[in-house]
Amino acid sequence: MRSACRPMHRHPKKSIAANSGQGFGKKANEAKDDHHKYQDEILNQRSVALAATDILARLLHAEENALEVATEFTGSLTEEFFHISSAYLQMAKKDADDNVAFRLERAIKAAMEAKNATLRPEIQLLNKLLGSETELERKQVLNTKQAGETLTMNNYYFFNLLDTMMKDVDRQPDGPQKVELQEKQQAVKSAALGRLPPEDRAKVPDGGAKK
């Protein structure tokens, strides 16, 4: 008598080695992709640093004509440029190389002036005031018709911008530099408010910057 049961057909199983090989291959590819990603990032950072150093070298070579050269490269005067330039300046001061430090300061000043000229008037005025070391210098900056107009234009955007900057500094860790910057910002605000007639001073809004 034949059995009614049919023979069972087993499906072949993939070997563990085969499955493991696929897993390892996938991880290897992911690691390779990460390697390329980091490599590309390193090359990009190196390219940016080289470009910034090249612009700085051009400004140093230009000497008294640094501003003219900087004006031609305002698009390249990025945050990275100023960061690298400041690092070179600190190194020169640390090495007590007064000649190099002087030339770097002149180049950085020219770059800042050229970059500042591309910014909106309120930011230009704020930068000039923050760069002023004394109350007399701040008064000289503010004692112009253009400065008076800039303080009130665009719904007093200058003061909104300054208030936002002051709040950003307040959130920074405590330290001597923070205190110094807070004092300078407050001095700038007091001088700017003092430049306005009473009727305009009453209209100065509080809060953050509004574009």
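The structure presented is a predicted model; accordingly, all values stated were derived computationally and were not measured. Atoms considered below: every heavy atom in the structure, side chains included; atoms not considered: hydrogens, waters and symmetry mates.
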Practice task
Only pairs at least two apart or in different chains count here, so list each side chain to side chain donor-acceptor pair (under 3.5 Å) that has a residue in residues 140-151.
Solution key: none
Fill in the blank from the handout: Residues pairing under side chain to side chain donor-acceptor pair (under 3.5 Å) where one sits in residues 108-118, two or more places apart or in two chains, turn out to be Asn116-Asn127
Problem - Lys139: partners by side-chain contact (heavy atoms from CB on, under 4.5 Å), with sequence neighbours left out - result: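 So Lys139 forms a side-chain contact (heavy atoms from CB on, under 4.5 Å) with Glu135.
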Throw together a table of side-chain donor-acceptor distances under 3.5 angstrom for residues 54-75, partners on residues two or more places apart or in other chains.
| unit_1 | atom_1 | unit_2 | atom_2 | d |
| --- | --- | --- | --- | --- |
| Asp54 | OD2 | Arg58 | NE | 3.1 |
| Thr71 | OG1 | Leu67 | O | 2.8 |

Measuring from [X]:[atom1] to [Y]:[atom2], what's the distance to the nearest 0.5 Å?
X      : Y      : atom1 : atom2 : answer
Glu80  : Ser85  : CD    : OG    : 9.5 Å
Arg138 : Glu133 : CZ    : CD    : 8.5 Å
Thr164 : Phe159 : OG1   : CZ    : 13.5 Å
Leu162 : Leu193 : CG    : CG    : 8.5 Å
Leu126 : Lys189 : CG    : NZ    : 12.0 Å

Exercise for the section: With sequence neighbours excluded, tell me which residues meet side-chain hydrogen bond (donor to acceptor under 3.5 Å, both in side chains) with Tyr156. Expected result: Asp200
Exercise for the section: Tell me, please, which residues at least two apart from Gln124 pass side-chain hydrogen bond (donor to acceptor under 3.5 Å, both in side chains). Expected result: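 By the side-chain hydrogen bond (donor to acceptor under 3.5 Å, both in side chains) rule, Gln124 matches no residue at all.
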Practice task
Count the heavy atoms of every other residue, nucleotide or ligand shown that sit under 6.0 Å from CE of Met153, and state whether that count exceeds 12.
Solution key: yes
Handout entry: Flag if over 12 foreign heavy atoms under 6.0 Å of CE, Met166
Key = yes
Problem - Of all pairs that satisfy salt bridge (Lys or Arg N to Asp or Glu O under 4.0 Å), the ones with a partner from residues 153-162, not counting sequence neighbours - result: none
Practice task
Would you list the pairs meeting salt bridge (Lys or Arg N to Asp or Glu O under 4.0 Å) in which at least one residue belongs to residues 81-103, sequence neighbours left out?
Solution key: Lys93-Glu105
Please report the closest heavy-atom contact between [X] and [Y], naming both atoms and the distance.
X      : Y      : answer
Phe158 : Glu122 : CD1-O, 3.7 Å
Leu77  : Phe82  : O-CE1, 3.6 Å
Asn160 : Pro205 : OD1-CG, 3.6 Å
Phe81  : Ser76  : CB-O, 3.8 Å
Ile108 : Ser86  : CD1-N, 4.2 Å

Hey, can you pull the donor-acceptor pairs under 3.5 Å for the side chains in residues 173-184, sequence neighbours left out?
| unit_1 | atom_1 | unit_2 | atom_2 | d |
| --- | --- | --- | --- | --- |
| Asp174 | OD1 | Lys178 | NZ | 3.0 |
| Lys178 | NZ | Asp170 | O | 2.9 |
| Lys178 | NZ | Gln172 | O | 2.8 |
| Gln182 | NE2 | Asp170 | OD1 | 2.8 |
| Lys184 | NZ | Leu130 | O | 3.2 |

Practice task
Answer whether the closest heavy-atom distance between the side chains of Leu142 and Leu151 falls below 4.5 Å.
Solution key: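 Yes - at least one pair of side-chain heavy atoms lies under 4.5 Å apart.
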Practice task
Examine distances only and state if a side-chain atom of Arg201 and a backbone atom of Leu196 form a donor-acceptor pair shorter than 3.5 Å.
Solution key: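 Between the backbone of Leu196 and the side chain of Arg201 there is a qualifying donor-acceptor contact (under 3.5 Å).
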Exercise for the section: Look at the side-chain heavy atoms of Ile, Leu, Val, Met, Phe, Trp and Tyr, link any pair under 4.5 Å apart, and say whether Met91 and Leu104 land in one connected group. Expected result: yes
